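Step one of this worksheet: look at the structure below.
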Amino acid sequence: MSAGLPPVSPPESEVELLARARALAGRTLGAVAGEHGVSAPPDLRRAKGFVGTLVERALGATAGSRAEPDFPALGVECKTLPVDARGVPCESTFVCTIALETMAGAEWEGSVVQRKLAKVLWVPVEGDRRLEVARRRLGEPLLWSPSSAEEAELRHDWEELSGLIGRGGVEQVRGELGRALQVRPKAAGSWSRRRALDAEGAFFATLPRGFYLRATFTARVLQAHYHLPGAAGAR
DNA sequence: TTGTGATCATCT
DNA sequence: AGATGATCACAA
C-alpha cells in the first residue's frame, strides 16, 4: 500500500479511537481502502501487512515502524485479527521481535511484550482466504487489557521462554513451547541471521525470532468479550 | 538492514 | 484441520 490521500489525524482520546474503530465495523476493506486512496490487493500473499496498515491509517495511527505503541499518546497498540465465520482467529498474532542478546536479566515488568500487550485495540476482520480481500468486512473492535489471569499466563510463558533464551538456549526454543505466548522465526527468509549468545556467553548467528500470541489465546480473549456461537454446535 | 505490519505453505 | 516454521512488503 503506497502513498494514498492525506493522513488521518491521531485520535485524542480512547473514546475517539474507539468511536473511529466502531465506525469501521461492518465495512469492507475495499471501501475503506478507497476512502484513503489505496486499492486492495487480490490476495495477501504479497501484501501480508495490508490489512493492518490500512486499519492503522484509517484510525490515524502514527505511520512508520517504530518500537512504540501505534497510538503513543494513548498507550494503545492496534492489532487486526483475522477470524473465521465463527469468530475464531485464523492466525497467531505477532507481538514483537526478540532482542536475543539482552534477554538475560530481563524482567516481565517493563518488558516489550508486557508493554505492548498492556492495552490493545483488537480489530477483527474476515480472514477466509477464499474471500476476495476487498470484500472482507471489518468487525466490532475491542479495547482490551489482560485480566490478571491472562497476564499471569503471559508472564509465565514469557519467563520460561526469555529465561531459556537468556541462558543461551535460543536454539532449544521451538514453537511448541508456551501456552499463550510462543517464539517463532521472524525473518525475511531462513538465511536471515541475528547475533545471539550461546550457553557459554559467546556470540553466534541465528535466525531472528519473535514473540507471538497463539490463536488459541486470542480466541479465548474474543470469547470472553463477545457473544459468539459455541464452537461445539456449529459446523 | 532492522522492526512493524502480518499471512503463507507445509507438515503432522 | 491446526500448528509450526518460512516468508513478503514497506518505512526509517
Side-chain angles (χ1 to χ4, degrees), chain A residues 1-4 7 29 32-33 36 38-72 76-86 88-102 112-113 115-117 120-133 136 138 157 161 170-196 205-220 231-232 234-235:
Chain A
M1 187 169 52
S2 61
L29 297 179
V32 175
H36 295 278
V38 297
S39 57
D43 60 66
L44 299 178
R45 278 178 298 187
R46 299 258 160 173
K48 299 182 180 183
F50 172 78
V51 181
T53 307
L54 174 63
V55 169
E56 290 191 349
R57 178 188 288 260
L59 295 178
T62 57
S65 55
R66 288 170 297 178
E68 55 178 298
D70 298 308
F71 301 96
V76 174
E77 177 75 14
C78 177
K79 291 288 183 192
T80 57
L81 187 56
V83 296
D84 66 16
R86 296 145 29 204
V88 176
C90 309
E91 294 285 350
S92 55
T93 300
F94 172 69
V95 179
C96 61
T97 53
I98 304 177
L100 298 173
E101 296 180 55
T102 58
V112 179
V113 174
R115 285 184 284 118
K116 281 220 172 190
L117 299 182
V120 178
L121 179 70
W122 295 106
V123 180
V125 57
E126 289 183 311
D128 188 332
R129 275 136 102 142
R130 296 166 303 187
L131 250 181
E132 193 184 337
V133 174
R136 298 182 193 179
L138 291 158
D157 288 345
L161 296 166
V170 63
E171 305 275 64
Q172 273 61 239
V173 179
R174 321 307 230 94
E176 288 85 349
L177 288 176
R179 296 257 176 209
L181 197 66
Q182 66 178 169
V183 170
R184 301 223 308 278
K186 172 60 173 175
S190 52
W191 53 85
S192 299
R193 286 297 180 268
R194 190 64 35 93
R195 224 158 68 129
T206 188
L207 196 56
R209 323 289 170 108
F211 282 116
Y212 293 77
L213 252 24
R214 288 185 178 279
T216 49
F217 177 80
T218 52
R220 281 189 276 125
R235 192 58 342 130

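This is a predicted model, so every value here is computed, not measured. So you know, we letter chains A, B, ... as the sequences are listed, proteins then strands, and number each from 1.
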**Prompt:** Where the side chain of Leu44(A) is concerned, which of dT7(B), dT4(B), dA6(B) is the nearest nucleotide?
**Reply:**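 Side chain of Leu44(A) sits closest to dT7(B).
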With a 4.5 Å heavy-atom cut-off, do [X] and [Y] have their side chains touching?
| X | Y | result |
| --- | --- | --- |
| Cys78(A) | Val55(A) | yes |
| Leu117(A) | Glu77(A) | no |
| Leu181(A) | Leu213(A) | yes |
| Thr218(A) | Trp122(A) | yes |

**Request:** Give Glu68(A) one of three labels, base, sugar-phosphate or nothing, depending on what nucleic acid heavy atoms sit under 4.0 Å from its own.
**Result:**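 Nothing, no heavy atom under 4.0 Å.
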**Request:** For Pro208(A), report the nucleic acid contact type (base, sugar-phosphate, nothing); a contact means any heavy atom under 4.0 Å.
**Result:**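 Counting heavy atoms under 4.0 Å across all strands, no contact is made by Pro208(A).
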Nearest-angstrom distance from the residue atom [atom1] of [X] to [atom2] of [N]:
| X | N | atom1 | atom2 | result |
| --- | --- | --- | --- | --- |
| Leu213(A) | dT4(B) | CG | P | 15 Å |
| Lys79(A) | dG3(B) | NZ | P | 15 Å |
| Phe50(A) | dC10(C) | CZ | P | 12 Å |
| Arg209(A) | dG3(B) | CZ | P | 14 Å |
| Glu56(A) | dA6(B) | CD | C1' | 11 Å |
| Leu131(A) | dC8(B) | CG | P | 13 Å |
| Arg86(A) | dG2(C) | CZ | C1' | 11 Å |
| Ile98(A) | dT2(B) | CD1 | P | 16 Å |

Are [X] and [N] close enough that a side-chain N or O sits under 4.0 Å from OP1 or OP2?
| X | N | value |
| --- | --- | --- |
| Arg214(A) | dT4(C) | yes |
| Gln182(A) | dT4(C) | yes |
| Thr53(A) | dA6(B) | no |

**Item:** Gap between atom NZ of Lys79(A) and atom CG of Asp70(A) - 0.5 Å precision
**Value:**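 Between atom CG of Asp70(A) and atom NZ of Lys79(A) there are 7.0 Å.
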**Asked** Out of curiosity, Phe50(A) CZ to Arg45(A) CZ, how far, rounded to the nearest 0.5 Å?
**Response**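 Atom-to-atom, Phe50(A):CZ and Arg45(A):CZ are 15.5 Å apart.
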**Message:** Using the rule given for side-chain contact (heavy atoms from CB on, under 4.5 Å), can you reason through Thr53(A) versus Glu56(A), listing the C-alpha separation, both sets of side-chain angles and the distance that settles it, and then say yes or no?
**Reply:** CA-CA 5 Å; Thr53(A) 307; Glu56(A) 290 191 349; 5.7 Å; no
**Asked** Counting only heavy atoms not in Arg193(A), do more than 12 fall under 6.0 Å of its CZ?
**Response**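 Yes.
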Considering only nitrogen or oxygen atoms on both sides, find all protein atoms under 3.5 Å from nucleotides 5-8 of chain C and state each distance.
from: dG5(C); atom 1: OP1; to: Arg174(A); atom 2: NH1; distance (Å): 2.9
from: dG5(C); atom 1: OP2; to: Gly175(A); atom 2: N; distance (Å): 2.6
from: dG5(C); atom 1: N7; to: Arg184(A); atom 2: NE; distance (Å): 2.7
from: dG5(C); atom 1: O6; to: Arg184(A); atom 2: NH2; distance (Å): 2.9
from: dT7(C); atom 1: OP2; to: Ser190(A); atom 2: N; distance (Å): 2.7
from: dT7(C); atom 1: OP2; to: Ser190(A); atom 2: OG; distance (Å): 3.0
from: dT7(C); atom 1: O2; to: Lys48(A); atom 2: NZ; distance (Å): 2.6
from: dT7(C); atom 1: O4; to: Ala187(A); atom 2: N; distance (Å): 3.3
from: dT7(C); atom 1: O4; to: Ala187(A); atom 2: O; distance (Å): 3.4

**Message:** With side-chain contact (heavy atoms from CB on, under 4.5 Å) as the criterion, how do Leu177(A) and Val183(A) come out once you've worked through the C-alpha distance, each side chain's angles and the decisive distance to 0.1 Å?
**Reply:** CA-CA 7 Å; Leu177(A) 288 176; Val183(A) 170; over 6 Å; no
**Message:** Closest-nucleotide mapping onto DNA chain B: is Cys96(A) or Pro82(A) further toward the 5' terminus? I mean the 5' end.
**Reply:**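 Here Cys96(A) is the residue nearer the 5' end.
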Nucleotides 10-12 of chain B: which of its N/O atoms have a protein N/O under 3.5 Å away?
none

**Asked** Going through the checks in order, is the side-chain contact (heavy atoms from CB on, under 4.5 Å) test met by Arg209(A) and Leu161(A)?
**Response** CA-CA 11 Å; Arg209(A) 323 289 170 108; Leu161(A) 296 166; over 6 Å; no
